[in-house]
Amino acid sequence: MHTWRGRRTENGTLYSMSPAPVIIAIDGRSGAGKTTLAVELAARLRARHKVSLFHLEDIYPGWNGLAAGIERYISTVLGPLSRGEAAAWTSWDWERHYDGDPRVTLPAEIVIVEGVGAAAAAARPFLSAVIWADSPEDVRRTRALQRDGETYEPYWDQWAAQESEWLAADDVAAEADLHIRNVADGGAPEDVLQLLPYLPGLAQVLAPELSARRGLSLRAERLDARTQAAELFSALYGRSANAVWLDSSNAGVSIITGPAAGGDPADPTVRTAAERSRFSILADDGGTFGQSVTHRAGASHISAGSVTASVDGPFFRWLDTVWGRRAVRAPEGYPGEFTLGWLGYLGYELKRETGGADVSAATPDAALIFAGRAVVLDHVEGTAWLLALDAPDATEWLDTARAAVRAAAATPTASDSQDAAAYPAGAALDGGSTGVGGSPVPAFTSRDSGVAYRAKIAEAQREIGEGNTYEVCLTTTLAAHVPADTVDPWNTYLALRRRNPAPFASYLAFDGLAVASTSPERFLRIASDGGMRAEPIKGTRRRAADAAEDAALRTELATSLKDRAENIMIVDLLRNDLSHFAVPGSVTVSRLCAIESYATVHQMVSTIDASLPPGSPRAEAVAACFPAGSMTGAPKISTMAILDRLEAGPRGVYSGAIGYFSLNGATDLAVAIRTLVISADGDGTAELTLGVGGAITSDSVPDEEYDEIRTKAYGVLSTLGAEFPDP
């Protein structure tokens with residue numbers, strides 16, 4: 001709470017306040033829309049705060065006075081305001097070209113200062129946040145002259161030269177917390193207001209704005225329609241720069257379990273495989289509440305419309321500020337856990353925040369969108385749920401989405417998940433079309449030759465023999481460079497999901513980056529009620545077209561002592577990870593070494609459950625388990641250090657996690673395996689990368705381990721018509 005006090009000066013009674021205000025500077029070249037933005041932002045903030053506003057144009061001493069004006073502003077205005085004192089200053093009379101009237105700017109809970117130089121280097125120590133506004137030069141000139149008319153026109157070049165000279169020595173834009181591409185469409189103030197509460201210097205004072213987000217209203221509609229998800233995604237989000245499809249692409253496809261999988265068919269735990277495939281989520285970052293975030297090496301960059309905020313600090317700390325507290329209620333009768341929120345991926349290199357070393361990757365360490373509206377498909381009930389946060393544009397979007405759902409339900413296509421049921425076991429092994437149209441076949445190279453990979457297996461076994469680790473999940477990366485216009489990420493993903501349907505398949509499109517995943521493995525689920533579940537996969541065999549051979553391969557996996565040992569070691573690791581935040585005694589193993597069969601592989605899967613205490617920090621609970629133990633080995637931290645040395649390169653998206661963080665506190669994340677990453681190189685080419693690996697134990701046979709990574713790569717490579725690189 002702020003307390004006001006008065007004191008007598010030569011100019012009369014001035015006022016000061018305690019504690020000192022937070023000060024927001026809006027800077028940028030002339031004509032970038034700073035004044036309008038400041039006025040409109042102040043008007044919105046005044047709904048919950050006392051706000052004071054200062055314009056630097058009132059203090060510049062003439063058309064040649066930028067540098068002198070900045071000095072006056074800092075000493076006579078910014079200094080006193082930063083101490084919570086009233087600022088007494090002398091205005092400039094632009095008609096008389098001389099000093100004007102004395103004026104006073106009172107402090108307030110929030111002070112907004114705007115103008116060229118508002119965030120100059122000497123001013124920044126006094127500021128809580130810096131906003132940089134920018135527009136193309138022709139737009140800025142037109143906007144400035146329209147506002148100030150003929151008065152400004154003779155001095156435009158003179159003033160612009162001063163701006164350039166100042167900015168050449170003081171790169172304010174690089175120091176700004178928020179950047180605005182000010183297109184003068186009226187949306188900038190709302191976009192700024194969405195992102196300001198993320199800034200550490202403003203989080204406390206803008207707590208009311210954050211609290212208001214936790215009382216958002218959710219509009220929902222249930223439609224009885226077995227919708228073709230691919231058609232729907234293309235119709236709604238085919239033109240979106242950032243969009244996510246969490247795609248249960250094996251919905252309608254039987255996953256073989258049963259006694260050979262480690263349990264009675266009547267046991268509910270055997271049905272967990274089918275339950276993983278119940279829902280698909282389709283969303284982008286459009287609409288009133290839409291946002292996106294990328295994180296690289298200790299800095300998060302959050303975008304909303306025309307505004308981007310930069311927040312330094314660990315990713316999981318930032319995630320804790322935006323997720324984990326229940327903000328909406330689930331719609332009546334809604335069977336899903338996702339009630340809008342953040343969707344995307346966490347890259348493996350976030351391990352720097354959870355005990356691993358700091359390694360840089362070419363792709364962002366995390367990329368997420370915030371979906372204020374989405375479509376959720378329930379494949380069991382054959383329904384589509386339209387979810388939207390209540391906003392001025394919600395009704396229009398609901399109308400559009402409703403029509404798209406009905407159209408997609410009326411026109412089934414071969415690209416959708418139900419078509420995957422036509423692929424019998426082993427069908428993907430028979431060759432034929434890649435499903436990627438006439439695209440040229442990419443030629444992949446491996447970071448490690450067959451000889452080198454086998455040598456690394458031997459080195460991992462040496463580390464095991466010396467007692468430094470029990471199990472090492474060694475990986476390598478396959479990469480191909482192709483002309484950018486010859487690869488279509490969308491059609492590539494459709495081909496992948498037809499060839500290799502999976503419960504945690506996903507398609508993520510971020511500007512210049514696409515992720516096409518056919519992951520079968522859950523990393524971590526936290527339900528809204530605090531129920532936790534991890535389902536690690538360790539142990540893989542290929543599928544065979546011949547039924548007898550296929551059954552023999554399945555039995556071989558189920559009875560393999562080596563694979564069971566690998567799986568059990570990871571189960572123990574994840575039991576420990578979950579126990580960091582779980583209710584004591586709640587960690588249980590409901591399935592151990594079950595066998596599940598997918599289109600191209602048989603997998604050994606276990607299920608670990610636990611309960612999260614009410615009020616626990618959910619982002620920290622995720623961090624305690626990250627990265628997935630099935631992709632590191634055990635013990636996790638020491639083994640990650642061994643892996644850094646052996647692999648000698650980043651994993652990027654691969655081995656991270658893909659999924660959602662919902663506004664009701666729920667999360668469901670898959671391990672990013674069987675995942676093709678397509679990224680634009682910026683020179684007319686695109687890079688395709690595919691990570692593959694396997695668990696190494698003291699009993700591992702190098703030739704068999706190398707064959708296993710070839711098997712794991714097959715589903716993706718065969719879809720592209722490509723082959724595993726020569727040993």
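No hydrogens or angles considered: nothing links the side chains of Thr697 and Glu471 as a donor-acceptor pair under 3.5 Å. Side-chain contact annotation: Thr639 with Thr469, donor-acceptor N/O pair under 3.5 Å present. Side chain to side chain, Ser277 and Ser248 fail the donor-acceptor criterion of an N or O pair below 3.5 Å.
Looking only at side-chain heavy atoms (C-beta outward), Leu350 and Pro627 stay at 4.5 Å or farther from each other.
Of the candidates Gln603, Arg276, His602, Arg276 is the only one forming a side chain to side chain donor-acceptor pair (under 3.5 Å) with Glu596. With Tyr660 as reference, Phe338 is the one residue of Trp342, Phe338, Trp323, Trp245 to meet the ring pair (Phe, Tyr, Trp, His ring centres under 6.0 Å) rule.
Sequence neighbours left out, the pairs with a member in residues 371-380 that pass salt bridge (Lys or Arg N to Asp or Glu O under 4.0 Å) are Arg278-Asp378, Arg373-Asp393. Annotation: salt bridge (Lys or Arg N to Asp or Glu O under 4.0 Å) contacts involving residues 681-691, sequence neighbours excluded, are absent. Among pairs with a residue in residues 646-655, those fulfilling salt bridge (Lys or Arg N to Asp or Glu O under 4.0 Å) read Glu647-Arg651, at least two apart in sequence or across chains.
Taking the six-membered ring for Trp and thresholds of 30 and 60 degrees, Trp490 and Phe233 have nearly parallel ring planes, at less than 30 degrees apart.
In this structure Tyr493 satisfies the side chain to side chain donor-acceptor pair (under 3.5 Å) test together with Asp247, sequence neighbours excluded. Every salt bridge (charged side-chain N to carboxylate O under 4.0 Å, His left out) that Glu566 has, sequence neighbours left out, goes to Lys562. With sequence neighbours excluded, no residue forms a side chain to side chain donor-acceptor pair (under 3.5 Å) with Glu723.
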